[in-house]
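Sequence lines set the chain letters: A, B, ... in the order given, protein chains first and strands last, and positions in each chain run from 1.
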Amino acid sequence: MGKTISRFAPSPTGFLHIGGARTALFAWLLARSKGGEFVLRIEDTDRERSTQEAIDAIIDAMKWLGLEHDGEIIFQSSRADRHNEVIDQLVASGNAYYCDCTKEQVDAMREKARQEGRKPKYDGSCREKDLGPGPDRVVRLKAPLEGSTAYNDMVKGPISIDNTEMDDMILRRSDGTPTYNLAVVVDDHDMGVTSVLRGDDHVNNTPRQILIYKAMGWDVPNFGHVPMILGPDKKKLSKRHGALSVMEYEKMGYLPEAVINYLARLGWSHGDQELFSREELVELFHPEGLGNSPSVFDLKKFEWVNSQYMQQADPERLATLMQEFLTREVGEEEAAKVSHALLAKVAPLLQPRAKSIVDMLEQARPFMVDTTFLAYDEKAVNKFLTDDSKALLEALAEKLDALDEFTEESVENVMRGFVDEKGIKFKEVAQPTRVAVTGTTKSPGLFETLAVLGKDQTMARIRRAVEL
RNA sequence: GUCCCCAUCGUCUAGCCUGGCCCAGGACGACGGCCUUUCACGCCGUUAACAGGGGUUCAAAUCCCCUUGGGGACGCCA
């Protein structure tokens with residue numbers, strides 16, 4: 001066996017949701033971990049439902065996640081001629097045949113079988129008729145009538161099904177177009193795919209596809225089927241059921257490496273390890289670690305994972321992201337009023353406190369607005385900006401105003417000294433100052449907050465607060 | 001209906017293949033505490049699970065069978 005080639009083959013009927021992204025991630029990891037290739041094929045043969053918009057959305061999402069594919073993107077719709085060529089070969093070799101049964105006739109066969117408690121299937125009445133091409137005729141695979149088809153699933157282990165369970169599936173429709181199962185096999189074979197990792201819902205297709213490989217005399221690739229993702233109610237996650245586009249998570253301010261990490265741990269494990277860098281994932285991934293039962297998407301844990309990455313992230317990068325989000329929110333002109341440098345100074349203070357970029361931006365608000373626009377929380381004001389504390393603030397302001405250098409250290413020295421001098425507890429002046437300067441009772445450490453705010457803003461805010 | 005797959009704390013999972021180290025470990029959450037200038041972070045602790053029943057065995061979460069429950073498939077959709 002040569003190098004591992006895996007693939008991701010979405011049908012472009014909508015955005016890339018979290019389940020699809022996870023499948024793509026595992027396929028990507030499989031290839032990368034073995035130094036192989038990861039190819040992308042768009043299964044756009046359903047022209048009714050496929051849209052360019054969806055194709056773009058899928059590509060964008062994969063790009064955001066960093067799941068780069070090798071080579072050109074293959075569009076299945078462009079390969080119909082090749083598919084038909086294979087079908088003709090199958091007919092010529094006696095592994096497929098024309099069938100002129102109508103849909104109604106086949107439905108009747110299925111109904112009858114179901115009544116009799118058997119598996120509903122086509123009864124093979126045209127198998128030996130030796131029909132040629134003709135209008136309204138389909139081509140069916142001449143599937144084996146006995147024995148069984150088995151394979152070793154990379155995640156589920158050995159799977160075997162009696163051939164009597166399968167009927168002679170249609171390879172070419174009466175309108176001349178190839179069917180999905182045929183197209184997938186031909187494409188995977190032609191692309192040299194050695195490992196097919198896909199969603200659970202394809203387990204039943206696999207033996208059928210193996211039959212086609214065998215009929216063509218092709219090597220059968222390795223198959224693996226990953227279980228689906230469930231919503232909090234244990235129901236399958238679907239578009240209308242909480243399965244968000246991965247780009248929705250981007251909009252909510254989650255980091256792509258957090259999405260990757262969380263998704264990887266959802267259904268895959270490596271001992272007790274929870275946090276994995278992309279490099280570690282590539283190094284440690286192997287399909288044996290994939291779980292075989294469906295898992296529930298847990299937003300709380302995902303948030304925790306994201307907060308871990310927020311803490312580790314480069315402040316410069318966070319500042320850039322905050323600016324992007326701000327731009328989306330208020331437009332370029334307004335966003336430009338907040339400097340990158342300021343945001344980069346604020347970010348480290350907020351890193352242990354923010355669980356997403358959106359959250360961080362929200363908490364950065366007091367740092368971004370000018371004193372005149374600072375919003376004061378009514379409760380906080382009533383509780384901490386009393387007459388007594390205002391007097392204290394005025395006295396403190398004088399001391400701060402005398403500072404030449406307004407740094408964390410100098411501010412701390414002044415405040416500590418002030419507390420000693422007045423014989424009060426630090427808390428007694430800390431909370432009023434905090435409220436005066438941020439408008440709320442919650443903020444990063446006082447000294448760092450004042451230092452980042454700078455002398456001018458600090459003084460202005462204390463003065464404004466005293467007047468409230 | 002028939003076939004296929006699945007089943008460990010609320011959730012993600014380790015352990016299962018190669019029985020004993022498991023009266024089941026980690027993580028998130030929840031709860032309590034510590035730290036502390038607020039809020040977080042961090043740290044410490046508590047909570048909580050082998051779906052049920054039969055076997056096999058000196059010994060079963062681990063092997064076998066059955067039941068139950070969940071999911072998927074049975075398309076001239078992908």
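Taking the ring centroids of A:Tyr249 and A:Phe15, they lie at or beyond the 6.0 Å cut-off. Checked against the 6.0 Å centroid criterion, the rings of A:Tyr254 and A:Tyr309 do not qualify as a close aromatic pair.
Between B:rC9 and B:rC22, the two C1' atoms lie 14 Å apart (nearest whole Å). A distance of about 35 Å separates the P atoms of B:rU56 and B:rC12, rounded to the whole Å.
Scanning atom types as modelled, one donor and one acceptor separated by under 3.5 angstrom connect the side chain of A:Arg353 and the base of B:rC39. With hydrogens and angles ignored, a donor-acceptor pair under 3.5 angstrom links the side chain of A:Ser174 to the base of B:rC76.
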Where along nucleotides 5-17 of chain B does protein come under 4.0 Å, by heavy atom, of base (B) or sugar-phosphate alone (S), with - for untouched nucleotides? SSS---SBSS---

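Between A:Phe302 and A:Asp162, the one whose closest nucleotide on RNA chain B sits nearer the 5' end is A:Asp162.
At whole-Å resolution of the value, CG in A:Leu446 and C1' in B:rA40 are 14 Å apart. Remark: C1' of B:rG29 and CD of A:Gln308 are 14 Å apart, rounded to the nearest angstrom.
Contact annotation for A:His202: base contact, defined as any heavy-atom pair under 4.0 Å involving a base atom.
Remark: A:Arg416 is positioned above the aromatic ring of A:Phe426, its terminal NZ or CZ atom under 6.0 angstrom from the ring centre and at most 45 degrees off the axis.
Both distances falling under 3.5 Å, in either a Watson-Crick or a G-U wobble arrangement, occur for no nucleotide opposite B:rU56. Checking B:rC22 for Watson-Crick or G-U wobble geometry (two distances, each under 3.5 Å) identifies no partner in any strand. With both pairing distances under 3.5 Å, B:rC16 is matched to nothing as a Watson-Crick or G-U wobble pair. Using the Watson-Crick or G-U wobble rule with both distances under 3.5 Å, B:rU36 pairs with nothing in any strand shown. Searching all strands for a Watson-Crick or G-U wobble partner of B:rC74 with both distances below 3.5 Å returns B:rG1. Figure legend. B:rC31 is base-paired to B:rG45; pairs are counted as Watson-Crick or G-U wobble with both atom distances under 3.5 Å.
Checking B:rC74, B:rU37, B:rA27 against every side-chain atom of A:Arg208, the shortest atom distance belongs to B:rC74. The A:Val138 side chain lies nearest to B:rC76 when the options are B:rU38, B:rC76, B:rU37.
Note on A:Glu274 versus A:Arg265: salt bridge recorded, some NZ/NE/NH1/NH2 to OD/OE distance being below 4.0 Å.
Within a 6.0 Å sphere centred on CD of A:Glu421, other residues, nucleotides and ligands contribute more than 12 heavy atoms.
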